[in-house]
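Numbering of ligands and ligand atoms starts at 1, following listing order. In this chain, numbering begins with 1 at the start of the sequence shown.
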Amino acid sequence: MEWSESVFDGLRREMVEGLRRSGISNQRVLEAFLEVRRHLFFPEGDRDHAYDNLAWPIGHGQTISQPYTVAYMTSLLAERVPSGRVLEIGTGSGYQSAILDAMGYRVYTVERVPELYRLALRRFRQFGLPVEARLGDGSLGWEDEAPFEGVIVTAAAPKEPEALLRQLSDGGCLVIPLGSLAVQQMTLITRRGEAFERERYHEFAFVPLIGREGWKEERP
Ligand code: SAM
């Protein structure tokens, strides 16, 4: 059954109430979640699940992250970096980029899977989102556009990618899940000149960041 926009609007309001009950309190984040139509970032046949608080497969072994996870990472960033240029690593469906754009950031995003990159780019254009997207290994950042006030990595990294630290502006923040392939600790790293301060938060389970400063790709 094809649901109407008003049904999706109601489900989206319920999703936002759920986020609020789970402890997400940043008003700008909650407003962005109300505004961005998550179902448009879902595979067409799966849209009736778009407002469940779940990660969902988007093909190529990848997922659109759970709304709570996106809200959690975005809140960590927004509380320290209210505006400016933000680099997202792992475009996936394009949803996290759209949330950052709705909050007024200038968004840059990198994806390594060509099909996902192309689909996300099509969505950005179709929805009129001024997001800059690039295909490549995001563990190396986006040198030509650096520095960034914020960097969000939406895939699990085994260690802090040097390039992403280097591409932060002074006072800028990197939000990154660091750990093993099974579980990672959400980590917020703030640049202070040539020094970096680290704060560690809750545990999550992401798909791996694959690249030069991430995990090696498994070859059959
Ligand atoms: N932010 C996405 C969204 O809103 O739909 C969800 C991201 S998904 C959990 C992680 C994404 O990171 C996948 O699309 C994956 O292909 C991508 N990825 C993994 N390693 C990468 C790398 N080195 N550079 C860029 N993207 C990468």
Steps toward salt bridge (charged side-chain N to carboxylate O under 4.0 Å, His left out) verdict (R20, E17): CA-CA 5 Å; R20 209 191 291 276; E17 278 319 304; 3.4 Å; yes
Heavy-atom nearest neighbour in the protein, as seen from atom 23 (N) of ligand 1, with distance rounded to 0.1 Å: I210 O, 2.6 Å
G90-ligand 1 polar pair, N/O distance under 3.5 Å: yes
Polar contact flag for F206 and ligand 1 (N/O pairs, less than 3.5 Å): no
Close approach of T91 to ligand 1, heavy atoms, under 4.0 angstrom: yes
Atom 5 (O) of ligand 1 [closest protein heavy-atom partner, distance rounded to 0.1 Å]: S93 OG, 2.6 Å
In one Ile/Leu/Val/Met/Phe/Trp/Tyr side-chain cluster, 4.5 Å: L87, I210: no
Polar atom proximity, D137 to ligand 1 (N or O, under 3.5 Å): yes
Ligand 1 to E88 polar contact by distance, N or O atoms, under 3.5 Å: yes
Qualifying residue for side-chain hydrogen bond (donor to acceptor under 3.5 Å, both in side chains) with H39, from E5, H49, R47: E5
Y95: numbered ligand 1 atoms lying under 4.0 Å from its heavy atoms: 4 (O)
Within-shell test, P208 vs ligand 1, heavy atom, strictly < 4.0 Å: yes
T154: numbered ligand 1 atoms lying under 4.0 Å from its heavy atoms: 1 (N), 7 (C), 8 (S), 9 (C), 10 (C)
Closest heavy-atom pair and its distance - I58, L116: O-CD2, 3.7 Å
S139 and E213: side chain donor to acceptor below 3.5 Å: no
Ligand-residue contact atoms, ligand 1 with L116, heavy atoms, under 4.0 Å: 14 (O)
Within one Ile-Leu-Val-Met-Phe-Trp-Tyr cluster: V86 and F33, side-chain cutoff 4.5 Å: yes
Those atoms of ligand 1 less than 4.0 Å from some heavy atom in S65: 6 (C), 9 (C)
Closest to atom 21 (C) of ligand 1 among R112, E111, E217, M73 (heavy-atom distance): R112
Between E149 and S83, a side-chain donor and acceptor under 3.5 Å: no
Positive for side-chain hydrogen bond (donor to acceptor under 3.5 Å, both in side chains) with Q96, one of T109, T91, T154, T74: T74
Those atoms of ligand 1 less than 4.0 Å from some heavy atom in V113: 16 (O)
Nearest-neighbour protein heavy atom for atom 8 (S) of ligand 1, which is reported as residue plus atom name and distance: T63 O, 3.0 Å
OG on S97 to CZ on R123, rounded to 0.5 Å: 11.5 Å
same_hphob_cluster(F204, I89) at 4.5 Å side-chain heavy-atom cutoff: no
Protein contact to atom 24 (N) of ligand 1 [nearest heavy atom, distance to 0.1 Å]: G138 N, 2.7 Å
Atoms in ligand 1 flagged as close to S139, the criterion being non-hydrogen separation under 4.0 Å: 23 (N)
Identity and separation of the nearest protein heavy atom to atom 15 (C) of ligand 1: Q62 OE1, 3.3 Å
Spacing of OH belonging to Y95 relative to OG belonging to S65, to within rounding of 0.5 Å: 10.5 Å
NZ or CZ of R106 within 45° of Y108 ring axis and under 6.0 Å: yes
Numbered atoms and elements of ligand 1 in range of I64, under 4.0 angstrom, heavy atoms: 5 (O)
Verdict with supporting geometry, F148 and Y105, ring pair (Phe, Tyr, Trp, His ring centres under 6.0 Å): CA-CA 11 Å; F148 299 97; Y105 295 106; over 10 Å; no
Any G136 heavy atom less than 4.0 Å to ligand 1: yes
For Q96, atoms of ligand 1 separated by under 4.0 Å from a heavy atom: 1 (N), 4 (O)
